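Please read all numbers here as calculations on a predicted model, not as lab measurements.
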Amino acid sequence: MFTMADKLAAPIKPDTAELTDGFHLVVDALRLNHIDKIYGVVGIPITDLARLAQASGIRYIGFRHEQSAGNAAAITGFLTQTPGICLTVSAPGFLNGMVALANATTNGFPMILISGSSDRAIVDLQQGDYEELDQMNAAKPYAKAAYRVDRPEDIGIGLARAIRTAVSGRPGGVYLDLPAHVLSATLDATTAAQSLVPVVDPAPRQVPAPDSITRALNVLSKAERPLIILGKGAAYAQADADIRAFIERTGIPFIPMSMAKGLLPDNHPQCAAAARSFVLAQADAVMLIGARLNWLLGHGRSPQWSPTAKFVQLDILPSEIDSNRAIAAPVVGDIASSMSVLLAGLQSTPVQPRSKWLSEITQHKERNVRRMADRLAATPQPMDFYSALAVIKDALASRPDIYLVNEGANSLDITRNVIDMMLPRKRLDSGTWGVMGIGMGYAIGAAATSGKPVVAIEGDSAFGFSGMEIETLCRYKLPVVIVVLNNGGIYHGDETPHGQDGDPAPTTLMQHAKYEMLIEAFGGKGYAVADRRGLSAALTEALSSGRPSLINCAIDPKAGTESGHISNLNPKSALKH
């Protein structure tokens with residue numbers, strides 16, 4: 001087989017025409033559109049596709065489970081604004097990847113799940129083909145779009161549609177179904193080359209209407225207690241300079257949502273995260289930049305919010321406006337274009353919050369910062385979440401280049417409050433769904449995409465969802481340090497069993513599990529620590545080594561609150577056990 005360029009270089013006579021096949025055509029289409037990385041799990045019918053991609057110069061990273069491969073693809077999309085690619089086998093493999101695809105769509109991450117599939121004629125008549133499943137229709141409810149390629153000459157246009165759909169408008173996950181017969185089908189090189197489609201401007205600018213800009217600035221200019229909420233959509237947009245300029249020029253205090261931390265440094269004087277409850281309840285005008293009024297923001301309703309507050313919302317999706325409460329000033333467009341126009345509009349409509357508002361925020365921040373400092377300075381034995389995270393906070397303070405992956409319940413909530421982020425798109429966590437299992441996929445995706453070190457702070461329960469991917473870390477020699485905050489349970493490890501059969505309680509895990517030995521089995525470096533000094537030494541050594549490492553950090557089994565900071569969402573039985 002030759003490359004497309006070779007095949008187009010000379011005239012081809014019909015009786016001596018060079019042939020190519022669907023496998024090669026997929027690889028050529030990916031390369032034409034500058035896709036240089038694939039995550040996946042190989043098997044029937046896509047094994048040769050991975051081999052050919054690797055031989056062509058595309059990096060293939062093979063996982064132990066499709067969900068983690070999909071998570072790596074999703075976070076690659078978030079970091080690069082280019083759809084990450086996840087490759088899976090049919091039916092069960094496809095379904096495993098669907099969890100990551102649905103999560104990507106929910107969070108607005110561009111990715112493409114490419115799965116091999118069985119013979120359509122047999123599937124449609126339900127005649128029992130190998131791994132029979134109508135994958136395209138199964139994917140539709142959970143993806144931004146789903147497409148099937150039924151002819152090899154449509155592979156180019158199919159991939160082009162998938163790329164454009166994944167990144168245009170509100171980004172999301174796209175499913176591309178490739179039946180086995182399409183992959184193995186042959187066609188002449190000229191026809192194949194002519195069928196390839198280079199995608200031009202897949203995410204065109206969507207400039208907001210001028211009157212929406214005027215309306216938004218008027219709302220902010222009349223406010224006495226304005227507030228800006230930065231969402232991960234703002235981080236994805238990579239409009240960092242204009243966002244920062246707008247916030248600093250207006251003087252409006254801001255709160256970053258979890259994955260927007262670092263757009264402005266967490267220690268920025270206008271950051272009001274330490275006074276979150278106060279500012280949400282008191283703000284009279286709120287500007288949402290790439291943030292949605294979903295459950296993470298109390299749906300925009302009282303008592304968390306003032307019922308009289310006016311909202312300005314920047315979003316690329318018109319249907320997101322008024323989704324939970326009335327939006328006084330919708331600005332519909334892409335974040336980069338919207339911020340550029342808003343920033344220019346400050347020349348004619350200046351915005352300045354009242355000094356009393358800023359003074360009140362400062363008072364609340366200082367009080368809460370003192371409380372947090374006291375918690376971080378405590379030295380309980382055994383350690384709790386705060387004392388362990390205080391050590392990690394100090395170790396990472398001089399390394400803003402490190403990506404921080406974070407998941408769990410208490411491990412997620414407390415880390416978000418303790419570890420400061422100084423640069424954008426460095427904090428990667430479970431996002432809108434709060435889904436467990438993203439940790440290793442995100443860590444591998446971030447390391448493979450950036451070449452930078454990654455620290456993954458995991459609850460022991462969360463780590464269990466994707467822990468086998470430590471073998472993947474070691475196989476590809478990625479600079480990832482995993483810290484398992486091990487309290488021996490889901491939420492906490494000290495629950496008393498409720499049954500009479502000797503089984504552990506529903507939230508109990510194995511407190512003395514030696515997680516560090518798992519990574520040792522694959523050639524990485526493991527550490528077991530039980531105090532602050534040991535944790536500090538292990539983390540320093542692990543980061544310096546650049547090797548895949550795992551620190552099993554034992555903390556108090558009593559440490560942790562059921563459901564973390566969202567215990568209000570966890571219903572309790574009204575009856576006694």
Report the distance from atom CG of Leu230 to atom NZ of Lys261, rounding to the nearest 0.5 Å.
11.5 Å
NZ of Lys144 to CG of Leu101, rounded to nearest 0.5 Å, is 12.0 Å
Taking the side chain as every heavy atom from C-beta outward, state whether Lys37 and Ile85 have any atom pair closer than 4.5 Å.
no
Thr88-Ser115 side chain donor-acceptor pair, cut-off 3.5 Å
yes
Before giving the answer on side-chain hydrogen bond (donor to acceptor under 3.5 Å, both in side chains), spell out for Ser323 and Glu320 the whole-Å C-alpha distance, their side-chain angles and the decisive distance to 0.1 Å.
CA-CA 5 Å; Ser323 60; Glu320 189 60 38; 3.3 Å; yes
Compare every heavy atom of Ala446 with every heavy atom of Val454, then report the nearest pair and how far apart it is.
CG2-CB, 4.0 Å
Within 6.0 angstrom of Gln126 CD, more than 12 heavy atoms from elsewhere
no
Can you name the closest pair of heavy atoms from Ile551 and Val481 and give their distance?
CD1-CG1, 4.2 Å
Would you indicate whether the side-chain heavy atoms of Arg161 and Leu176 approach each other to under 4.5 Å?
no
Check the pair Thr449, Thr76 against side-chain hydrogen bond (donor to acceptor under 3.5 Å, both in side chains), reporting the backbone distance first and the verdict last.
CA-CA 6 Å; Thr449 299; Thr76 294; 3.1 Å; yes
A side-chain contact here means heavy atoms from C-beta on lying under 4.5 Å apart; do Val26 and Leu159 qualify?
no
Are the side chains of Ile392 and Val483 in contact, using a 4.5 Å heavy-atom criterion?
yes
With a 3.5 Å cut-off and no angle check, do the side chains of Asp429 and Ser258 form a donor-acceptor pair?
yes
Measure the OG1-CE distance between Thr82 and Met111 for me, rounded to the nearest 0.5 Å.
14.0 Å
Measure the shortest side-chain to side-chain distance between Gln135 and Ser90 over non-hydrogen atoms and say whether it is less than 4.5 angstrom.
yes
Please confirm whether the backbone N or O of Tyr39 pairs with a side-chain atom of Arg59, one donor and one acceptor, at under 3.5 Å?
no
Quick one: does Val27's side chain get under 4.5 Å of Ile58's, heavy atoms only?
yes
For the rings on Tyr147 and Tyr175, is their centre-to-centre separation under 6.0 Å?
no
Between Lys452 and Asp401, does at least one N-O distance fall below 4.0 Å, as a salt bridge requires?
no
Test side chain to side chain contact (heavy atoms under 4.5 Å, CB included) on Val405 and Val455; report intermediate values, then the result.
CA-CA 6 Å; Val405 172; Val455 171; over 6 Å; no
Residue among Ile75, Thr472, Val480 satisfying side-chain contact (heavy atoms from CB on, under 4.5 Å) with Ile444:
Thr472
What heavy-atom pair brings Ser430 and Asn107 nearest, and what distance separates the two atoms?
O-ND2, 4.2 Å
To the nearest 0.5 angstrom, please state how far the CG atom of Asn324 sits from the CG atom of Leu293.
6.0 Å
CE of Met440 to OG of Ser68, rounded to nearest 0.5 Å, is 8.5 Å
Does a side chain donor of either Arg205 or Ser337 reach within less than 3.5 Å of an acceptor in the other side chain?
yes
Heavy-atom side-chain contact between Val332 and Asp315 under 4.5 Å
no
Is there a side-chain contact between Val41 and Asn96 (heavy atoms, below 4.5 Å)?
no
Is the closest side-chain donor-acceptor distance between Gln194 and Thr191 under 3.5 Å?
no
Salt-bridge criterion met for Asp134 and Arg148 (N-O under 4.0 Å)
yes
Donor-acceptor check, side chain of Ser212 to backbone of Pro208, threshold 3.5 angstrom: yes or no?
no
Does Ser340 reach the main-chain N or O of Ala336 with its side chain, forming a donor-acceptor pair under 3.5 Å?
no
Go through the steps to decide whether Arg170 and Tyr236 satisfy the test side chain to side chain contact (heavy atoms under 4.5 Å, CB included), and finish with yes or no.
CA-CA 11 Å; Arg170 185 169 188 263; Tyr236 174 82; over 6 Å; no
Main chain of His65, side chain of Glu469: is a donor-acceptor contact present, judged purely on distance under 3.5 Å?
yes
Is the CZ atom of Arg120 crowded by more than 12 outside heavy atoms at less than 6.0 Å?
yes
Non-neighbouring partners of Glu520 that pass salt bridge (charged side-chain N to carboxylate O under 4.0 Å, His left out), sequence neighbours left out:
none
Using a distance-only test with no angle check, is there a side-chain donor-acceptor pair under 3.5 angstrom linking Glu541 and Tyr527?
yes
What closest approach, in Å, do Glu407 and Ser466 show between heavy atoms, and which atom pair accounts for it?
OE2-OG, 4.4 Å
Is the backbone of His24 close enough, under 3.5 Å, to the side chain of Asp21 for a donor and an acceptor to pair up by distance?
yes
Identify the two heavy atoms, one from Gln313 and one from Ala291, that lie closest to each other, and give their separation to 0.1 Å.
NE2-O, 3.7 Å
In this structure, CG of Leu30 is separated from CG of Leu32 (nearest 0.5 Å) by 9.5 Å
Donor-acceptor pair, Asp188 side chain versus Leu19 backbone, under 3.5 Å?
no
Check: Ile122 main-chain N/O paired with Asp129 side-chain donor or acceptor under 3.5 Å:
no
Go through the steps for Ile335 and Ile316 under the test side chain to side chain contact (heavy atoms under 4.5 Å, CB included), then give the verdict.
CA-CA 7 Å; Ile335 298 295; Ile316 201 166; over 6 Å; no
Heavy-atom pair of closest approach, residues Gln67 and Ala100:
O-CB, 3.6 Å
Is the backbone of Thr432 close enough, under 3.5 Å, to the side chain of Asn294 for a donor and an acceptor to pair up by distance?
no
Take the angle between the ring planes of Tyr515 and Phe463 and call it parallel below 30°, perpendicular above 60°, tilted in between.
perpendicular
Tell me whether Arg425 contacts the main-chain N or O of Tyr403 through its side chain, where contact means a donor paired with an acceptor under 3.5 Å.
no
Start with the C-alpha gap between Ile482 and Glu458, add the side-chain angles, then the distance that decides, and say whether side chain to side chain contact (heavy atoms under 4.5 Å, CB included) holds.
CA-CA 7 Å; Ile482 304 160; Glu458 303 272 312; 4.0 Å; yes
Are Arg31 and Asp36 within salt-bridge range, i.e. N to O under 4.0 Å?
no
Between Thr165 (side chain) and Ala162 (backbone), is there a donor-acceptor pair under 3.5 Å?
no
Is it true that the side chains of Arg416 and Asn406 contain a donor and an acceptor less than 3.5 Å apart?
no
